[in-house]
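Note sheet for the following structure.
Numbered from 1 within each chain, the chains take letters A, B, ... in sequence-line order. It should be emphasised that the depicted structure is a prediction, and the values quoted were computed from it without experimental measurement.
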Amino acid sequence: MKLKYFLSGALLAIVLFLAACSGNGEEEVEAESQGEEESGEVEKDDKNLVIAQASDLVTMDPQDSLSTTGDRFFRNLNNRLFKRNPDMEIVPDLVESSENIDEETWRFKLIEGVKFHNGEDLTAEDVKFSLERVMTDDSLKEYPYFTQLKEVNVIDDYELEVVTDGPMPTIQHVLAKSGSGILPKDYVEEVGMEGFMEQPIGSGPYKFVEWKIDDKVVMERNEDYFGDEPTWDTVTIRAINEGSTRVGELLTGGVDLITDVAPNEWDRVENNEGTSLVSGESTRVMLLMNRMTEGTITADPKVREAIDLAIDQQAIVDSVLQGSGVPVRSRVPEGVHGSDPDLYDAYVHDPERAKELLEEAGYGDGFELTLTSPKGRYPMDGQVAELIAVMLGEVGIDVNLELLESGTFIEKYSNKDNEELIMIGLADGLLDASYSLVHYSIDRAAGQTDYNNEEIDQLFKEASRNLDKEERVEQFKQIQQTVAEERPHTFLYQSKVNYGVSDAIDFQPRLDENIIFDDVSVK
Amino acid sequence: MSEAAANLEQKEKKSSSSISNLSIFVKLLLKSKTGMLGLIILLIATFVAIFADLLAPYDPVEPHLSYILTPPAWQEGGTSQFILGTDNLGRDVLSRLIFGTRVSLIVGVLSVVVAGAIGLFFGVISGYFGRWVDQVMMRIVDAFLSIPSILFIMVILTVFSPSLWMLIIVIGLTTWVNYARIIRGEVLSLKEREFVKASQTIGTSHWIIIWRNLIPNVMSTFIVISTLSVATTIILEASLSFLGLGIQPPDISWGGMLNDGRDYLATHWWMGTFPGIAITVTVLGIIFLGDWLRDVLDPRL
Amino acid sequence: MKKYITKRLLEIIPVLFIITFVVFVLMYHAGDPVAMMLPDEASQEDRENMREALGLNDPFIVQYGNFLKDISTGNFGESIRYNTQALPLVIERLPASFELAGVAMLVAILISIPLGIWSANKRNTVTDLFITGGSVLGKAMPNFWLGIMLILILAVNVQIFPVSGRGTLVHLVLPAITLGTSIAAEMTRLVRSSMLDTLGQDYIRTASSKGVPYFKVVVSHAFRNTLIPVITITTLQLSIVVSGSIITESVFQWPGLGLLLVQAVNARDMAVVQAAVFIIAILVIVVNLITDLIYVLIDPRIKYS
């Protein structure tokens, strides 16, 4: 009998103990986060910025991240040779002057006196180390962008030369990417990349404090920053996956700025006193990839045209997206170098003509095709796809809708297993049309759209190596015009991104969806 | 796995009676208010599921783009065209609810059939043959039991995309262990009984014994677990929808509707509330019926 | 007794083996993690390079063999998402999950034991109907629904509790209630029937007939004897706790094992999923083993061979 009580008591004690002891370790955090929770007023009385984004970073290695969520951290931790200002113009960051010696050689002079967070000087050796790492290590996610760089030569402490494998019109674009973030050579060699990832340092305005996976990254001001004095004492980047939870945190003042506010949450953010919705452009273009492989129904240009005509892009934007997008007829997003303004804010919609075209193509009685779409990968994606299915249904195309969870979807996409149509959103990480238009080169289209146009392929190759800016833009426009007619892709809209912002701060969205902390200010 | 578990569930059962004939059964049902209520709820749901096409005022997937997010008829801004309002694509919530009944019940019932079939097989075979057969089978049961089913399903559904049939099979494949464990326990005691022993001595084949003597005797237990499992499955489907792994559009399920509506809870309550009510009421009905069945059939779980 | 324990421990080995196999087969077919690691715009060549680098092109048997060899040393491989060892990632999350689960359990116990006992004593009255109905309702309500409602009402409309995250004790309240309620729903039913069972025992009736006040009978006699099954009941809620945690942690961005799992599954981060499933399975096995052993110790009527 006694044993009975002992055992039952013991078990209960274990449960209680678990609860109690896990509660204990958190005391310190309490004091720290208190300030954030209580600042419900519209005025900001401290210099602590809290941002919540839809997913966490996955790595502390700037060259292995390749994600918007990661960029928001790295752009504030590191510096690059170049950076983009809020208007997306490429301006010098660490570079004092640059010189184009010949078609393949660039010489850069670095600003002197830039220090890493551990106090060491940032020199040409660090630049060489960082660029060579990402140029040569093909396991890094940023690697594919750097294949055109051939070598980096140090001239002296503050001068270096970058040699490319041919004319490279996008060199500055690449050097302004997160993957070009300058790592501290000595530090990395001393502690190894593992050590670096535990305590990453850069030369940027904010220093790394801690990272709790799936919870938050904390940064603090770098007193010794070489540029303008940093605005904030601390910046916390929280990860909150649930949309409604993220909005909840904003409404209660737990965070100052949230990313990815879905249309259905807009009213909540707008109607709440002290918060507003801020909408900005993104480079993400939603489109349907049409399989043109021989034997598929969408290989027929009339069918593809009919599909485009059947879809009312404006109605999609107005209804499901509540205006959070702009209909386009090109893969190159507006605002990106080489885009064609004629194809922005444009769409064709004529269901009657679509029916005629189908009749002409010999499908007057209708037919069936499969549309693959993600659900939960992009804002409202599943519902957009459902709407498209209905629109196609109205002209006699019976759509077999295949909605896939994000992971399954991207697997299908990359294996090129989809049937006639697949809906996807493509962004432009380089902000240059060459990046977007590679999809129409024969190699790249093989197996996916199977678009095969020698002329376009040739034009694209020329433009990719063309240092004449204006001619290059014309070449890109020509490609876009042809593509809009031949329709390997049916374009839907260029997405907008929506942020929820506390009225206590001033925030302007950027096209690259980055957040530069010092561009955010207290009102 | 846990003998304690089996033991406890056994304790849960009380008085004994049996179903000798139908009239007693009906009388008992009439006596139980909750049992009656459960049955009525279930009959209504079944009726709605079967005649969804006739009952639904609209095509449930048809968007009415000029009526997006219309509130229910009795609320300001509502229209009698859409009694329970419309969703964010302008689809009629009532029609979707009606068609959702069909899918939700199909998933609930069929996955229980799958789970029941596997569980019955495992339970009877392992309980009857004992020895190494039992050892092997029970280790498999243990292994399955130690991975919570939602976790299991999450992992499986990343491999196979969650179509209606896939979902039914997967839920079935991951929830059968409960049957196996309980039915095995019952078979273990049955096989010590006189009538089984007698059949064995006169040389009746094992399979005939299993078919004639064992299965009919575990049927009442089986029915009770099955009924309650339908309820669990409906909730499971809703939880999977939350994780993006439930029934996928254009198929409509209550779980899917609830999940679509969760983002609109604060602003457009009707999108998520009605499917939520539908799930709760139906599950309630099934549990009432199941509890009553257990009281009446008194299976020795 | 010793023999029984040895037997139970030995049984764990094949079980673990089956689990590794099932998990590995699933994850092997879970396909292409590479797709998740590169952006939508990446080219086929990039993908192929990465696949080769990760050893994903080896045949099944080789991969399974390597897998078994590795996990026997605690090496579940590297998380492709975080580029670090998977097991430490999983272990790191345990305190957060234990904290939530422990407190939720406490909430569940505090709700279900009094309610269960009360409704058993008031069997077939309105009170009983309400409590039973309430517990059925709690069971019928999807977990995430309750969580979102709680956030809306108690964190956003009336700003009493923080919306999400982990930190102070107040952060625990809403997630613990959410998870606790779903556990309590099931537990209340079990406590009720267990109590009914005890109340039907002879010695209780004897005590009552001897004129011991009813309240005292319930508290000092019946409850004591219900306690043991109640503890068993508590440990039996484990699978509800695990499933509930997955959902609750996602709703409240609680940085525990459940959240890690959901994200690992979405990202096809096989190593982390394997490690997490394995750790959870071991936890379940251990808790069940302990429960059974306690049962043997305290209840001599149960015989084990």
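Chain C forms more heavy-atom pairs under 4.5 Å with one residue of B:Ile150, B:Asn259, B:Ile234 than with any other, namely B:Ile150. Highest contact tally toward chain C, considering only B:Ala231, B:Gly272, B:Ser149, is held by B:Gly272 [criterion: heavy-atom pairs under 4.5 Å]. Highest contact tally toward chain B, considering only C:Ala276, C:Gly258, C:Ser243, is held by C:Ser243 [criterion: heavy-atom pairs under 4.5 Å]. The candidate from C:Asn143, C:Thr132, C:Ile282, C:Val277 with the greatest count of non-hydrogen atom pairs under 4.5 Å with chain B is C:Val277. Contact count versus chain B (heavy atoms, under 4.5 Å) is highest, among C:Ile247, C:Ile246, C:Leu16, for C:Ile247. In terms of non-hydrogen atom pairs under 4.5 Å with chain C, the most contact-rich of B:Thr232, B:Leu243, B:Ile279 is B:Leu243.
If you measure heavy-atom distances from B:Ile235 to chain C, the contacts under 4.5 Å come from the side chain alone. Contacts between B:Ile287 and chain C at a heavy-atom distance below 4.5 Å involve the side chain alone, from C-beta outward. The parts of B:Leu258 that come within reach of chain C are both its backbone and its side chain, each placing non-hydrogen atoms under 4.5 angstrom from that chain. With a 4.5 angstrom heavy-atom cutoff, C:Ile280 touches chain B via backbone and side-chain atoms both. Both the backbone and the side chain of C:Leu261 come within less than 4.5 Å of a heavy atom in chain B. Interface remark: B:Ala238 contributes backbone and side-chain atoms alike to the contact with chain C (heavy atom separation under 4.5 Å).
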Run the side-chain contact (heavy atoms from CB on, under 4.5 Å) check on B:Arg184 and B:Leu188 step by step: do they pass? CA-CA 6 Å; B:Arg184 168 178 172 267; B:Leu188 279 181; 4.0 Å; yes
Apply the test side-chain hydrogen bond (donor to acceptor under 3.5 Å, both in side chains) to residues B:Gln135 and B:Arg139: give CA-CA distance (whole Å), side-chain angles for both, the deciding distance (0.1 Å), then the verdict. CA-CA 6 Å; B:Gln135 278 295 321; B:Arg139 293 300 78 76; 2.7 Å; yes
Check step by step if side-chain hydrogen bond (donor to acceptor under 3.5 Å, both in side chains) holds for B:Glu237 and B:Ser104. CA-CA 8 Å; B:Glu237 195 272 321; B:Ser104 294; 4.6 Å; no
I'd like to know whether B:Phe288 forms a side-chain contact (heavy atoms from CB on, under 4.5 Å) with B:Leu39, so could you lay out the CA-CA distance, the side-chain angles of the two residues, the decisive distance to 0.1 Å, and finally the verdict. CA-CA 8 Å; B:Phe288 280 156; B:Leu39 187 69; over 6 Å; no
Stepwise, does the side-chain contact (heavy atoms from CB on, under 4.5 Å) test hold for B:Leu289 with B:Leu42? CA-CA 9 Å; B:Leu289 189 71; B:Leu42 222 70; 4.0 Å; yes
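Note: B:Trp176 and B:Phe122 have tilted aromatic rings, judged against thresholds of 30 and 60 degrees for the angle between ring planes. Classified by interplanar angle (parallel below 30°, tilted 30° to 60°, perpendicular above 60°), the ring pair C:Phe144/B:Phe242 is parallel.
Paired with B:Val170 under the rule side chain to side chain contact (heavy atoms under 4.5 Å, CB included), one option of B:Val114, B:Leu245, B:Ile153 passes, and it is B:Ile153.
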